[in-house]
Asker: 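This is the structure I have questions about; it appears just below.
Counting convention: from 1, in listed order, for ligands and their atoms alike. On a predicted model such as this, the values are computed, not experimentally measured, just so you know.
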Amino acid sequence: MSNEQQVRIYNPSEEMVKNAAVSGMDGYRALCKEAEDDYEGFWGRRAKELLDWKEPFTQVLDESNAPFFKWFADGKLNVSYNCLDRNVNNGLGDKVALIFEADNGDVTKVTYKDLLARVSKFANALRGMGVKKGDRVVIYLPMSIEGVVAMQACARVGATHSIVFGGFSAQALRDRIEDAGAVALITSDGQHRGGKALPLKPIADEALSLGGCDTIKNVVVVKRTGGDCNIVAGRDVWFHDACEGQSEVCEPEWVEAEHPLFILYTSGSTGKPKGVQHSSGGYLLQAVLSMKYSFDIKLDDIFWCTADIGWVTGHTFISYGPLACGATEIVFEGVPTYPDAGRFWKMIQDHKVTIFYTAPTAIRSLIKAADNNPAVHPTKYDLSSLRLLGSVGEPINPAAWQWYYDNVGGGRCPIVDTFWQTETGAHVITPMPGATPMVPGSCTLPFPGIQAAVVDETGTEVPWGQGGILVIKRPWPSMIRTIWGDPERFKKSYYPEDFKGKLYLAGDGAIRDVETGYFTITGRIDDVLNVSGHRMGTMEIESALVAHEKVAEAAVVGRPDDVTGEAIVAFVVLKGPRPTGDEAAAVIKELQNWVGHEIGPIAKPKDIRFGENLPKTRSGKIMRRLLRQLAKGEDVTQDTSTLENPHILEQLKG
Ligand code: WT7
């Protein structure tokens, strides 16, 4: 490595190299070469080998309507069949598929046979309500067995699901229901988190009352917390009542490989979230391949991805990838800090977890917790079952990597720092645990078959060692197909004219190491923030703020944060006079709660500052780079000569 600071390199153990699916760098390079020499052959062979097809495909990749690429288009399959029936048929019926641990510690195990029966019953119930192939179903559920069942049941009947994270507000839920034109909503009475029972159905009811949700014909309610729950006759039905008496056999709907398995909304650089549309065949193929190559999944592994099913990580690494591999996995309802910050470590110990996949923000908060309370330090638990660790969602800083490696992995487990996105569907840059020498803070090299590069504004590759824009040069099977209902926005966002429509624009900056070619992600290059591994659009938060009656104008930027990666800072101009002291504190609280109510608690600005105006150029453009400096508490060193109103910088210093 060329960097002046000493960079430690961690080689995979001999045992890992010997047993891993991708064995040694020779093994990795051979796969890359196979894909380079025969791109379609590489993906086609794996699609045949790793998925069960009802009707085989004859064409691998169809580029005739680029960038709307099609994969395995004339093949037919069913995702739920591939995740469930096929395992049962292969003798895994009595194997545990899900180990569900509730917030209060109760454990429920569900075998593949049992999961297939539960999914079939609910799929039959959905069919009974008239839900059919191509219909959209919105799922607004906490982490639960029913959450996985609902997703799988949609896949079984060919309905396209759209999960809305349980922490999103009524308004956010309404927007997504309307955009997707959903026919059904699956929710629960409430959810357990950190020892508290929180209501969910009232938020769903509020969303449905906001207007624009007339497409919803049925609401299915999972009973989780119990107690009073509003059930609207003729519209709402309890999940258990809907499943009661249904057959445990349900013929899957065989769909084309391109059939949309799901839409998942994510933040972009404009106000409106984008409905990222994924396919069935190509998506599932790479969910499986990521499990095999990046996680080296074996039949006796206990796999735990701590993400929520509301995010893409939960889709690929809870609801689909592990099940399609016949794995045993943990589904966790609770939070990492309840009953104490040793919860993750205790669960790894109790369930003998072998592969653990979490986010840097969780690691950083657990480092803090362990520093403050030695009793919850990971070394106080027996974590000897672990053999592989993963990180996802944001760059992992080398110090957190080292702590994770030493204290959780006991210095023996490789860490796969997996770079990917809602849009990529599966891993695109990541170490192979039995091959790639690891460097803390780098996601290392592309997944076999993925052609990632770093380019300048014209789309020309820059030399290693020089920062630039991360792109992917060829389409890949699990990529986003379009933005639901907005193909033009898909083209503009991901295949921009600057690159002649030929390169996939990830939205991140990256730099490759001069000697190894390893990728390091340098952060988003658009107006998207990453707070605790969650993607938030600055414009989305600004729109929410200006929707408040007191707010005239708002600009939102990110500032680095020790625990959450980035923190949200809002600069606000009120319609009335600029508040100070106690009055300012009260308005800050009010606006934070407002944003929490408009979007969800994850979008609440950590810091709000008031000015009589925002720093603007003479043409009226807000100078965001300047705001970013102010947010960090730095003195403004930038050229402010184009600034119309320099005096307001003083007010916004915070
Ligand atoms: C953005 C995608 C798909 C994972 C969950 C987040 C950032 C993700 C890494 C990583 C550096 C990362 C990028 C990316 N990101 N993983 N290993 N190293 N950055 O999915 O919400 O679609 O966000 O998360 O900025 O563009 P997402």
Asker: Listed by chain and number, what are the side chain to side chain contact (heavy atoms under 4.5 Å, CB included) partners of S279, not counting sequence neighbours?
Answerer: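 S279 satisfies side chain to side chain contact (heavy atoms under 4.5 Å, CB included) with E258, Y283, R481 once adjacent residues are dropped.
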Asker: Give a yes or no on whether the backbone of F262 and the side-chain of T160 come within a donor-acceptor separation of less than 3.5 Å.
Answerer: no
Asker: Salt bridge or not for R174 and E178, using N-O below 4.0 Å?
Answerer: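 Yes, charged N to carboxylate O under 4.0 Å.
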Asker: Does a donor on one side chain sit under 3.5 Å from an acceptor on the other, for Y265 and D175?
Answerer: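 Per modelled atom types, Y265 and D175 side chains form no pair under 3.5 Å.
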Asker: Would you please name every residue forming a side chain to side chain contact (heavy atoms under 4.5 Å, CB included) with E566, sequence neighbours left out?
Answerer: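 Expected list: L529, N530.
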Asker: Using a threshold of 4.0 angstrom between heavy atoms of the protein and any atom of ligand 1, which residues qualify?
Answerer: V312, T313, V392, G393, E394, P395, D417, T418, F419, W420, Q421, T422, D508, I521, R524, N530, R535
Asker: Pairs in or reaching into residues 525-534: which pass salt bridge (Lys or Arg N to Asp or Glu O under 4.0 Å), with residues at least two apart or in two chains?
Answerer: R524-D526
